[in-house]
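What follows is one structure encoded as structure tokens, with my remarks underneath.
Numbered from 1 within each chain, the chains take letters A, B, ... in sequence-line order. If you're wondering where the values come from, they're calculated on a predicted model, not measured in any experiment.
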Amino acid sequence: GAGVSQTPSNKVTEKGKYVELRCDPISGHTALYWYRQSLGQGPEFLIYFQGTGAADDSGLPNDRFFAVRPEGSVSTLKIQRTERGDSAVYLCASSQAGTGAYEQYFGPGTRLTVT
Amino acid sequence: DAKTTQPPSMDCAEGRAANLPCNHSTISGNEYVYWYRQIHSQGPQYIIHGLKNNETNEMASLIITEDRKSSTLILPHATLRDTAVYYCIVRVVYGNKLVFGAGTILRVKS
């Protein structure tokens, strides 16, 4: 079946601009996660949704970052007033449920470059 | 979540078994051991997980020591396509996020 998809695959933006990154999870998966990966490092957790609500947003670095999942399926990560330090690959993952031993399935990521 | 320690890199000959170690000496009783890998320019891929018993699936085997303080991921017949960063992660049963370390870069060589 279809896996997790993310759009766009690449995004180049100027410092100070607003960007939106989209994630389409696997159909039927109630849990959705956003991670950020800087060059040479492992992915870093940002936020976790169970259904429509953000169950854990402890990884969001500051209030410029915001994510929504209004219908419990597609999610959008929004970054305001982008900074060069926001450049990274943004990964989305989904799983059947948020807790328990369910594995997370990752998308290919969106590479964000802030110039 | 407990911290894990992995060697930064390993080499393996094509066709041979790749044995990737992971130390998780502070693991608690309600924490699973997960392994993911990340091939260049792709998202991480789930491999296997276990709680206390050894596990095997079509991709790999996971050997967890009796005291659960360390584990080994075994790729029985490594191929060039297994070249990737391998992450060992410890996660509580009721947890949600995965906490990734730096992982082990496995290079499979012909």
Side chain, backbone, both or neither: which part of A/Tyr35 has a heavy atom under 4.5 Å from chain B? side chain
Modelled atom types, side-chain donor and acceptor of A/Thr13 and A/Tyr18, under 3.5 Å: no
Can you confirm whether the side chains of A/Gln41 and A/Ser38 place a donor and an acceptor under 3.5 Å from each other? no
A/Cys92 and side-chain contact (heavy atoms from CB on, under 4.5 Å): which partner among A/Leu46, A/Thr110, A/Leu77, A/Val4? A/Val4
So which of B/Pro44, B/Gly101, B/Ser41 has the biggest tally of heavy-atom pairs under 4.5 Å with chain A? B/Pro44
Assess, by modelled atom type and distance only, whether the side chains of B/Arg37 and B/Gln45 contain a donor and an acceptor separated by less than 3.5 Å. yes
Which region of A/Pro43, side chain (C-beta onward) or backbone (N, CA, C, O), has a non-hydrogen atom less than 4.5 Å from a non-hydrogen atom of chain B, or is it both or neither? both
Counting only non-hydrogen atoms closer than 4.5 Å, does A/Glu44 touch chain B with its backbone (N, CA, C, O), its side chain (CB onward), both, or neither? neither
